[in-house]
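Data first, discussion second: the structure below is written as structure tokens.
Below, read A as the first sequence line, B as the second, and so on, with proteins coming before strands; counting in each chain starts at 1. Basis for what follows: all heavy atoms, side chains included, without hydrogens, waters or symmetry-related copies.
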Protein chains: 2
Amino acid sequence: MTIGDVAKACSLAVSTVSNALSGKPYVRKETRRKVQEAADRLSYRPSAVAQALRTSRSSTIGVLVPDITNPVFSWMVRGIDDVLFREGRSLFVCSTEGREDKQIQYMHALIDRQVDGLILISQHTHGDDIEAILDNGPPFVLIHRRRRGHKEDYVGIDNDAGMRLAMNHLVELGHRRIAFIRGPTTSTSVEERFGAYRTVIAEARLAAEANLVFQGDYTIEGGMQAGKFLLEQVPRPTAILAANDFSALGVIEAAMRLGFRVPEDVSVIGYDDIFIARMPQVQLTTVYQPKRDIGGAAATQLLRRIGALRRGRPKEVIFPVELHVRATTAPAYSGSRVGPWEQDEVLVP
Amino acid sequence: MTIGDVAKACSLAVSTVSNALSGKPYVRKETRRKVQEAADRLSYRPSAVAQALRTSRSSTIGVLVPDITNPVFSWMVRGIDDVLFREGRSLFVCSTEGREDKQIQYMHALIDRQVDGLILISQHTHGDDIEAILDNGPPFVLIHRRRRGHKEDYVGIDNDAGMRLAMNHLVELGHRRIAFIRGPTTSTSVEERFGAYRTVIAEARLAAEANLVFQGDYTIEGGMQAGKFLLEQVPRPTAILAANDFSALGVIEAAMRLGFRVPEDVSVIGYDDIFIARMPQVQLTTVYQPKRDIGGAAATQLLRRIGALRRGRPKEVIFPVELHVRATTAPAYSGSRVGPWEQDEVLVP
DNA sequence: CCGTTTTCAGAAAACGATTTTAATATCATC
DNA sequence: GATGATATTAAAATCGTTTTCTGAAAACGG
């Protein structure tokens with residue numbers, strides 16, 4: 001079932017059928033109707049592949065995420081899908097497992113398939129290969145990790161404000177020894193979060209020791225390792241701030257295993273506010289970020305870039321964050337603070 | 001950068017370059033080396049779109065899931081990706097939100113893009129539109145929901161055994177009023193799970209009342225509604241069995257809100273064993289299914305189908321399940337049963 | 001009624017690869 | 001050195017569209 005078949009069916013040339021179907025001018029109303037009718041009757045659908053080859057646009061976009069099983073990213077994908085589906089576009093979703101080689105391979109695969117654009121959530125934005133691909137490839141939007149020294153489309157959150165909110169909350173609760181679990185790489189978002197931690201440490205003259213910082217990998221297991229390491233320090237930190245919720249959940253698990261109570265013996269704060277944090281059994285104090293909206297914003301910006309203003313000036317969208325105070329933080333060296341059903345207390349910068 | 005450019009670069013015909021690059025015979029070693037060298041130098045990559053048009057194979061496969069943010073499905077996608085990435089294929093992942101119209105639209109989009117095959121996880125396998133697409137489209141593999149009256153490739157789990165395991169566990173704990181939260185549709189897997197529930201109810205002569213069955217929607221919120229409804233019954237069920245973990249988590253949340261303790265006042269069992277169920281704060285007793293392996297098996301079977309044996313006889317892969325007994329089940333009308341750190345007790349059929 | 005513009009439809013050339021078919025070297029054989 | 005078989009390479013057709021270009025018919029103006 002090709003355009004040739006419907007051309008034959010209404011005894012017209014293929015070019016006429018093409019024009020009629022794609023709403024070009026210069027085709028008589030009557031003819032258009034006839035074509036439309038024939039196409040419907042034969043339930044003709046144009047080959048997206050042939051269209052892509054001819055027009056070099058595929059109405060397809062590629063998304064790279066570190067790990068599709070992480071709710072942070074799957075909700076971002078959901079947000080991307082929200083807006084792209086409306087526009088009749090399809091999504092290639094690639095889960096890179098944080099591996100640079102896999103990311104490169106996927107990026108090539110996507111470009112070979114002529115995606116119209118790319119949305120990238122990745123630690124790896126600085127390798128030679130990747131930079132070469134980005135510089136010669138289709139338009140792209142970065143989420144959460146920008147390229148140093150480049151002005152380009154970016155969607156992220158106010159990492160600094162989020163960390164300050166969390167740190168201030170702990171300081172107000174009387175904590176002076178606050179440990180930090182940082183992310184695995186040296187991406188900009190990791191630096192922003194880590195930077196804010198150090199700034200507050202310095203400003204508030206808190207304990208500043210190398211042993212209070214542990215490099216995690218954003219997984220629950222990594223968080224457990226970090227928790228074990230940090231909780232065995234003497235003197236022990238009274239609060240642990242994690243760069244993401246999974247790490248925080250791991251810390252809590254480690255604390256329980258070691259016989260510490262949360263928050264009585266140690267306060268824990270996460271980052272992201274994945275839905276698990278809201279569960280009544282968990283009630284993790286954490287920094288909220290609008291994951292779905294972030295994805296949506298990235299998709300919208302990418303569409304804008306693909307469309308008219310291919311060479312418009314780059315746009316940065318920074319979403320605000322909120323601290324959702326739940327039950328894993330309490331005054332230093334105190335008893336339990338909140339009951340299980342107290343409403344979230346929401347702090348904004 | 002097209003194949004023509006590299007042909008020019010080594011002053012050969014495009015056909016020769018094509019043959020050389022794709023390892024065809026009848027091209028001299030020396031020539032092949034020359035071509036390879038030129039292609040590398042120009043870092044030529046063939047256009048997957050042109051290849052797809054010419055060969056009508058795209059080395060791309062489409063995956064339809066009800067909800068990418070649900071860990072059950074994102075882990076299945078992960079398993080699919082495991083095997084497909086090794087084979088150099090790319091994945092279109094589409095999240096249908098359980099909507100039939102969205103699913104149809106996505107299926108068309110995928111077929112327009114000439115995917116080589118489809119992996120379907122969906123309640124909707126029986127509409128006229130969908131059946132028409134399946135019957136005329138590329139090879140496909142069904143996960144967890146089969147089409148009634150069709151013999152086709154299918155990967156699933158032993159739903160019946162899983163439910164019996166769960167029910168028997170409750171019966172052995174002395175429960176006689178066991179409520180059930182079923183899935184939203186009338187798909188085969190829902191029927192299998194519901195059927196097993198009713199069978200055990202009949203076999204063990206347990207309370208069998210319409211009010212003990214509630215139709216959920218596989219979300220936490222739906223589970224909360226169900227929990228509220230069921231826990232307000234008089235007499236109250238002493239145990240609630242949910243068709244998936246999210247529903248079970250919702251039930252627990254509802255129970256806590258209503259002031260019931262789990263498992264002292266009511267036992268709860270889930271289905272799927274998502275990672276949340278393992279968390280020490282949660283410890284949900286649930287039926288485990290190997291999500292990642294299921295995805296992998298589906299991908300493997302699809303590749304087999306796409307390859308040599310397009311017309312081989314259909315294969316059904318049924319994975320066994322296990323009951324993971326944790327802390328949300330206890331004897332009827334009893335006190336707490338397990339401490340927080342007891343190892344999982346694993347029951348297999 | 002004739003020349004000019006507008007309106008519409010068709011033919012043909014792309015897009016970038018693969019595959020089929022044709023053409024040319026290369027070589028051994030007589 | 002002509003002949004034929006066999007390796008190689010080249011040319012052309014093809015996949016299903018869109019787009020450009022060409023041309024015919026109709027409408028228009030004077």
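At a threshold of 4.0 angstrom between heavy atoms, the contacts of A:Lys29 with the nucleic acid are absent. Residue A:Thr31 is classed as a sugar-phosphate contact, given heavy-atom separations below 4.0 Å to backbone atoms only. Nucleic acid contact for A:Ser18: base, since at least one base atom lies under 4.0 Å from a heavy atom of the residue.
Counting only heavy atoms from C-beta on, A:Val27 has its side chain closest to C:dA9 among C:dA17, C:dA9, D:dT8. You'll find that the side chain of A:Ile3 is closest to D:dT18, out of D:dA10, D:dT18, D:dT9.
Atom-to-atom, CD of A:Glu30 to C1' of C:dC8 comes out at 13 Å; the value is rounded to the nearest Å. Rounding to whole angstrom units, CG of residue A:Leu53 and C1' of D:dT18 are separated by 10 Å. Atom NZ in A:Lys34 sits about 8 Å away from atom P in C:dA9, given to the nearest Å. If you take CG of B:Leu12 and P of D:dA7, they are 20 Å apart, rounded to a whole angstrom. Distance OH (B:Tyr26) to P (C:dA22): 16 Å, rounded to an integer number of Å. Rounded to a whole Å, the CZ atom of A:Arg57 is 13 Å from the C1' atom of D:dT17. D:dT9 atom P lies 14 Å from atom CG of B:Leu21, rounded to whole Å. When rounded to the nearest whole Å, the span between CZ of A:Arg45 and P of D:dG16 equals 16 Å.
The 12-atom threshold is exceeded at CG of A:Asn136, counting heavy atoms of other residues, nucleotides or ligands nearer than 6.0 Å. Heavy-atom contacts from other residues, nucleotides or ligands closer than 6.0 Å to CG of A:Asp128 number 12 or fewer.
A donor and an acceptor atom never sit less than 3.5 Å apart when one is taken from the side chain of A:Arg54 and the other from the base of D:dT17. With hydrogens and angles ignored, no donor-acceptor pair closer than 3.5 Å exists between the side chain of A:Ser15 and the base of C:dA9.
Paired with B:Leu64 under the rule side chain to side chain contact (heavy atoms under 4.5 Å, CB included), one option of B:Met107, B:His124, B:Lys102 passes, and it is B:Met107.
Remark: B:Tyr44 is in phosphate contact with C:dA17, judged by side-chain N or O atoms under 4.0 Å from OP1 or OP2. For C:dC8, the OP1/OP2 oxygens have no side-chain nitrogen or oxygen of A:Lys24 closer than 4.0 Å. The phosphate of C:dG16 (OP1 or OP2) has no side-chain N or O of B:Gln51 nearer than 4.0 angstrom. The shortest distance between the side-chain N/O atoms of B:Arg28 and the OP1/OP2 oxygens of D:dA7 is not below 4.0 Å. Residue A:Thr16 has a polar side-chain atom (N or O) positioned under 4.0 Å from OP1 or OP2 of C:dG10.
No salt bridge links A:Arg304 with A:Asp153; every basic N to acidic carboxylate O contact stays at or beyond 4.0 Å.
Between A:Ser22 and B:Thr55, the residue anchored nearer the 5' end of DNA chain D, judged by the nucleotide with its closest heavy atom, is B:Thr55. Nearest-nucleotide positions on DNA chain D for B:Arg32 and A:Ala50 put B:Arg32 closer to the 5' end.
Residues B:Arg113 and A:Thr60 bring a donor and an acceptor atom of their side chains to less than 3.5 Å of each other.
Rounding to the nearest 0.5 Å gives a distance of 13.5 Å between NE2 of A:His144 and OG1 of A:Thr125.
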